[in-house]
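Before any comments, here is the structure.
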Amino acid sequence: MRLFITGIKGQLGSEIARQASNDHDVIGGDLPDFDITNRSQVAAAFAAHRPALIIHCAAFTNVDGAARDPETAYRINGLGTQNIALACAENNIEMLYISTGEVFDGNATQPYREFDSTHPINPYGYSKLAGEEFTKQLSPRHYIVRTSWLTAKGGRNFAHRIQQLADEHGKLRVVTDEVSNPTFATDLTQAILKLIETHQYGIYHIVNEGYCSRFDYAKKILELTNRSHIPIEPITLADFPRPSTPPKFIPLANLCGAALGITLRSWEEGLKNFLNG
């Protein structure tokens, strides 16, 4: 199958390209040569390469940046995805859109299922939900893959940041009331590549099994990197002001993927593999 990956230079896009190249013809685009907000550029690329499937990873992912500049977040995550979905429909291409647990408000008492009602509470979540809506409305053959707390090799991520701050300051303060599923790009990619072989279109929650708070996540990182002696103080989101308002409790439940036999290992195992890789 010929795959076109938007955002192919990014953390997830590059991992999908690496793994998919074993079995598929992989091409892709990224800034500055490929801009998803340029409708004619998107249409021309798809018409020229004629892929069977678009894996749409390109996005404005800076959550606090989206709060500071919601118009840019909506233009990229919403209208940029509209361009991708329209081009897929016009060229009869399958589409897989990478979304987020932040489309939910975090007021649940159990993990969110694929069919639960969405209600974003910050501009990033709203912009990603706009992308979901354009995907559903415009691209007939689509997958929407929601994930959370994604960690990949290279770039900034929570696992590396915790180690850096621990070494720099000798102590940490981490929030206890922000809860979700740590998910690792290697595992997510394997699941996505299984999913696209099924042609079972729809919404999927693909995350590593289990969930935790940022505080417990940080404690596990310290434990696995021989930094358990570093003191870590529990705080709340109210103690850590930031431009965006993150939903407090957004673990995702993988019901639809599991029904197809697609599950990921525990987040603890994923973290161990990531840190040892």
Side-chain angles (χ1 to χ4, degrees), residues 1-17 20-21 24-100 102-103 118 120 122-147 150 155 188-189 192-193 195-196 199 201-204 244:
M1 186 190 307
R2 172 167 287 186
L3 310 181
F4 188 104
I5 301 170
T6 72
I8 196 169
K9 296 178 184 176
Q11 294 185 64
L12 180 58
S14 60
E15 178 62 23
I16 294 174
S21 61
H24 301 281
D25 178 13
V26 178
I27 50 178
D30 210 323
L31 293 171
D33 304 316
F34 178 79
D35 183 351
I36 64 171
T37 66
N38 185 320
R39 173 83 175 93
S40 59
Q41 196 175 88
V42 169
F46 290 5
H49 294 294
R50 304 188 66 81
L53 169 71
I54 305 299
I55 300 182
H56 180 31
C57 300
F60 187 97
T61 58
N62 183 331
V63 176
D64 287 336
R68 288 187 289 262
D69 187 1
E71 288 189 10
T72 295
Y74 182 76
R75 178 173 56 84
I76 296 171
N77 295 338
L79 299 180
T81 301
Q82 180 187 34
N83 291 336
I84 300 294
L86 282 169
C88 285
E90 290 166 1
N91 293 279
N92 194 30
I93 300 169
E94 293 179 317
M95 177 177 176
L96 188 147
Y97 172 63
I98 303 295
S99 191
T100 172
E102 294 214 20
V103 298
T118 54
N122 61 47
Y124 173 70
Y126 182 83
S127 70
K128 292 298 289 184
L129 181 60
E132 287 193 11
E133 292 300 317
F134 282 126
T135 300
K136 289 190 288 188
Q137 293 168 12
L138 301 174
S139 181
R141 298 187 299 151
H142 67 261
Y143 312 88
I144 293 171
V145 172
R146 296 180 184 137
T147 192
L150 184 64
L188 175 60
T189 294
I192 286 172
L193 294 178
L195 178 62
I196 63 175
H199 304 287
Y201 308 119
I203 298 175
Y204 293 88
S244 180

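Computed over heavy atoms, backbone and side chain alike; hydrogens, waters and symmetry mates excluded. Residue numbers start at 1 and run along the sequence shown.
- Contact record, G10 with S14: O-OG, 2.6 Å, taken as the closest heavy-atom pair.
- Distance OG1/T135 to NE2/H56: 6.5 Å, rounded to 0.5 Å.
- In terms of heavy-atom proximity, N91 sits nearest to A47 at OD1-CA, 4.2 Å.
- Taking 4.5 Å as the limit, every side-chain heavy atom of Y124 sits out of range of all side-chain heavy atoms of N62.
- Applying the 6.0 Å contact sphere to OH of Y126 captures no more than 12 heavy atoms from other residues, nucleotides or ligands.
- Counting only heavy atoms from C-beta outward, the side chains of M1 and L53 approach each other to under 4.5 Å.
- Side chains of V103 and E132 form a contact here, defined as non-hydrogen atoms less than 4.5 Å apart.
- Here I93 contributes atom CD1 and R141 contributes atom CZ; the two are 9.0 Å apart, rounded to the nearest 0.5 Å.
- The shortest distance between side-chain heavy atoms of C57 and I5 falls below 4.5 Å.
- Annotation for R50: atom CZ does not count as buried by contact number, only 12 or fewer foreign heavy atoms lying within 6.0 Å.
- Judged purely by atom type and a 3.5 angstrom limit, N122 has no side-chain atom pairing as donor or acceptor with the backbone of S244.
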| Can you list the steps and then say if T100 with T147 is a side chain to side chain contact (heavy atoms under 4.5 Å, CB included)? | CA-CA 5 Å; T100 172; T147 192; over 6 Å; no

| field | Verdict with reasoning, L96 to V145, per side chain to side chain contact (heavy atoms under 4.5 Å, CB included) | value | CA-CA 7 Å; L96 188 147; V145 172; 4.0 Å; yes

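- Smallest separation of non-hydrogen atoms from P120 and G125: CB-C, 3.5 Å.
- Counting all heavy atoms, side chain and backbone alike, A67 lies closest to P123 at CA-CG, 3.9 Å.
- Within the structure, ring pair (Phe, Tyr, Trp, His ring centres under 6.0 Å) pairs that include any residue of residues 67-95 do not occur (at least two apart or interchain).
- Judged by distance alone, with hydrogens and angles left aside, the side-chain atoms of D30 form a donor-acceptor pair with the main-chain N or O of K9 at under 3.5 Å.
- In this structure D25 satisfies the side chain to side chain donor-acceptor pair (under 3.5 Å) test together with R2, sequence neighbours excluded.
- To the nearest 0.5 Å, atoms CG (L129) and OG (S99) are separated by 7.5 Å.
- Atoms CD1 and CD1, from I16 and I196 in turn, are 8.5 Å apart once rounded to the nearest 0.5 Å.
- Looking at heavy atoms from C-beta onward, T81 lies in side-chain contact with Y97 at the 4.5 angstrom threshold.
- In terms of heavy-atom proximity, I8 sits nearest to G28 at CD1-CA, 3.8 Å.
- At a cut-off of 3.5 Å, with distance as the only test, no side-chain donor of T189 or E15 sits close to an acceptor on the other residue.
- Summarising the geometry, atom OG1 belonging to T37 is positioned 9.0 Å from atom CG belonging to L79; distances are rounded to the nearest 0.5 Å.
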Between side-chain atoms of residues 39-46 and protein atoms elsewhere (two or more places apart, or another chain), which donor-acceptor pairs fall under 3.5 Å?
| residue | atom | partner | partner atom | Å |
| --- | --- | --- | --- | --- |
| R39 | NH2 | E90 | OE1 | 3.2 |
| R39 | NH2 | E90 | OE2 | 2.6 |
| S40 | OG | N38 | OD1 | 2.9 |
| Q41 | OE1 | D35 | N | 2.5 |

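- Using a distance-only test at 3.5 Å, with no hydrogens or angles considered, no donor-acceptor pair links the side chain of N77 to the main chain of K128.
- Within the 4.5 Å cutoff, no side-chain heavy atoms of I144 are placed close to those of Y204.
- In this structure, the separation between CD on E71 and OG on S127 is 12.5 Å, given to the nearest 0.5 Å.
- Centroid-to-centroid, the aromatic rings of Y201 and H142 stay 6.0 Å apart or farther.
- Taking every heavy atom of both residues into account, A66 and F60 meet most closely at N-CE2, 3.3 Å.
- Counting heavy atoms from C-beta on, the side chains of Y143 and E94 come closer than 4.5 Å.
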| query | Would I203 and R146 count as a side chain to side chain contact (heavy atoms under 4.5 Å, CB included) if you check the C-alpha gap in whole Å, the side-chain angles of each, and the deciding distance to 0.1 Å? | reply | CA-CA 8 Å; I203 298 175; R146 296 180 184 137; 3.7 Å; yes

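- Listed for the T6 side chain is a donor-acceptor partner under 3.5 Å among the backbone atoms of A58.
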| query | Do F134 and N83 pass the side chain to side chain contact (heavy atoms under 4.5 Å, CB included) test, and can you show the C-alpha distance, the side-chain angles, and the key distance before you say yes or no? | reply | CA-CA 9 Å; F134 282 126; N83 291 336; over 6 Å; no

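- Proximity of I98 to L12: side-chain heavy atoms (C-beta onward) are separated by under 4.5 Å at one or more points.
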